[in-house]
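One structure below.
We number each residue from 1, following the sequence as shown. Values reported hereafter were calculated over all heavy atoms of this structure, with side chains retained and with hydrogens, waters and symmetry mates removed. One-based numbering, in listed order, for ligands and for the atoms of each.
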Amino acid sequence: DFPSGYTGYHNFAEMTAELNQAVADHPNLVSLRSIGKSYQGRDLWAVKISDNPSVDESEPEALFTCNQHAREHLTVEMCLHIIKRYTDNYASNSAIKSTVDSREIWVIPSVNPDGAEYDIATGSFRAWRKNRQPNSTATGTDPNRNWGYQWGCCGGSSGSGSSDTYRGTAAFSAPEVARVRDFTNSRVVGGVQQIKSHIDWHTFSELILWPYGYTYNDTAAGLDATQANVFQTMGRRMASLNGYTPQQASDLYITDGSVDDWMWAAHKIWSYTFEMYPRSASGTSGFYPRDTLIAAQTSRNDTAVQLLLDYTDCVPRITGRTC
Ligand SMILES: CC(C)C[C@H](NS(N)(=O)=O)C(=O)O
Ligand SMILES: [Zn+2]
């Protein structure tokens, strides 16, 4: 479990209980489903927040994914905060109500529950990043190198099983990644992807990142100058709201097989990575902010999340375009 100073974080059981409580508290706003199992058999939970949550209404959809990387526990708290904010405030806040009434919001609070549980299993942190799937030489695939667009193309991942950026034996070889892929694919209704926007939450460095990660070029196959301008404009506007630094993912370093590249290339979902607090740290301590910081560092993102939800019907509208 989490050590003292960190007991405000949710382990898998506590997270699951929180999700069930959200359904109990707001049955008319929240539905909960498992989109499948992790390598070790833990449920990959997906929450849907909307009016009439049991009905697939033709409303624009947004997706938030958290905890691809095990040690990035603050991101689980970010996803739980989004769930609470858009449910507990529905009755009292008209902006929240109109967002929930006009959108379908999907939240996957932990993509990598096995890794997260492994990181805290001994009572002191192990700085574990990957999932817990064995490979030929070691353990763990990096979920954020296992997605199927430009997988392993460009030196942005490792082929060595012991590496923290091990890409897996094939695209989507990690069951957790394959399940989130399947869920996303299932949101193609009548040939149209209903999910229009996505944030994948990570820590740390306080950055807002957009595709592509596999190339330094601002434009590449499937991402033209107009679309790059939309990514930049929305990214910069969100950064002006949370104080993070906006940049193309590859400006940080080249990554191949990342979720953002796949979400955009496969589905034209306006997909961002948010690297949360802290801005910098010595070594791996940056992954472990004390629990006293959770409230401030999750609510810090409220207006950026709201902006993306406001534009989820047509993200290019941020540049004055129509859809
Ligand atoms: C999304 C990419 C560009 C950055 C991310 N950084 S992290 N969260 O692993 O430290 C990663 O390496 O996957
Ligand atoms: Zn990460």
Side-chain angles (χ1 to χ4, degrees), residues 9 63-79 108-116 118-119 125-131 140-158 160 163-168 171 174 176-177 180 198-218 220 223 231-232 235 238-239 244-265 269-289 297 301:
Y9 287 87
L63 173 64
F64 299 100
T65 49
C66 290
N67 200 211
Q68 278 205 90
H69 290 142
R71 60 195 176 191
E72 299 169 16
H73 301 286
L74 183 60
T75 67
V76 174
E77 306 308 316
M78 184 68 220
C79 269
I108 300 175
S110 181
V111 172
N112 180 9
D114 300 350
Y118 178 76
D119 192 46
F125 297 118
R126 290 160 136 161
W128 189 255
R129 168 184 171 94
K130 299 189 286 181
N131 74 0
T141 293
D142 180 354
N144 211 29
R145 301 298 185 278
N146 191 240
W147 292 82
Y149 186 68
Q150 296 283 27
W151 178 80
C153 72
C154 302
S157 60
S158 171
S160 163
S163 169
D164 250 359
T165 57
Y166 178 57
R167 66 176 76 97
E176 300 86 358
V177 174
V180 178
H198 168 236
I199 297 176
D200 189 44
W201 297 90
H202 288 258
T203 70
F204 59 93
S205 295
E206 299 188 3
L207 304 171
I208 293 180
L209 307 172
W210 56 82
Y212 285 124
Y214 81 89
T215 174
Y216 288 122
N217 297 333
D218 295 358
L223 207 169
F231 267 120
Q232 292 162 20
M238 292 191 288
Y244 292 5
T245 298
Q247 60 190 60
Q248 186 173 335
S250 53
D251 294 343
L252 185 62
Y253 40 75
I254 294 284
T255 53
D256 48 44
S258 76
V259 64
D260 292 343
D261 286 9
W262 183 82
M263 288 283 177
W264 174 256
I269 294 169
W270 299 95
S271 179
Y272 289 89
T273 287
F274 278 42
E275 293 280 358
M276 297 175 70
Y277 175 91
R279 179 163 296 277
S280 64
S282 58
T284 56
S285 68
F287 294 114
Y288 301 109
Q297 293 306 326
N301 289 297

Looking only at heavy atoms of [X], does any of them come nearer than 4.0 Å to an atom of ligand 1?
X: Asp260; answer: no
X: Phe204; answer: no
X: Gln68; answer: no

For His69, the N, O or S atom at the shortest distance from the Zn ion (ligand 2) is ND1
Considering only N, O or S atoms of His202, the one closest to the Zn ion (ligand 2)
ND1
Which atoms from ligand 1 have a heavy atom of His202 less than 4.0 Å away?
8 (N)
Geometric N/O contact Thr273 with ligand 1, under 3.5 angstrom:
no
Decide whether an N or O pair under 3.5 Å exists between Thr203 and ligand 1.
yes
What residue and atom, counting heavy atoms only, is the protein's closest point to [atom], and at what distance?
atom: atom 9 (O) of ligand 1; answer: Arg129 NH1, 2.5 Å
atom: atom 5 (C) of ligand 1; answer: Glu275 OE2, 3.2 Å
atom: atom 1 (C) of ligand 1; answer: Asn144 ND2, 3.6 Å

Is a side-chain donor or acceptor of [X] paired with a backbone partner of [Y] at a separation under 3.5 angstrom?
X: Tyr149; Y: Asp260; result: no
X: Asn146; Y: Arg167; result: yes
X: Asp261; Y: Tyr214; result: yes
X: Asp164; Y: Asp142; result: no

Closest contact, heavy atoms only, Trp147 versus Ser258:
CB-O, 3.5 Å
Using a distance-only test with no angle check, is there a side-chain donor-acceptor pair under 3.5 angstrom linking Arg145 and Ser158?
no
Checking side-chain polar atoms at under 3.5 Å, does His198 have a donor or acceptor matched by the opposite partner on Asp200?
no
Measuring to the Zn ion (ligand 2), does Glu275 have an N/O/S atom at a distance below 2.8 Å?
no
Going by side-chain hydrogen bond (donor to acceptor under 3.5 Å, both in side chains), Thr245 matches just one of Glu275, Glu206, Arg279. Which one?
Arg279
With atom 12 (O) of ligand 1 as the reference point, say which of His69, Arg145, Glu72 has the nearest heavy atom.
Arg145
For Asn67, the option from Pro109, Ser110, Pro113 that meets side-chain contact (heavy atoms from CB on, under 4.5 Å)
Ser110
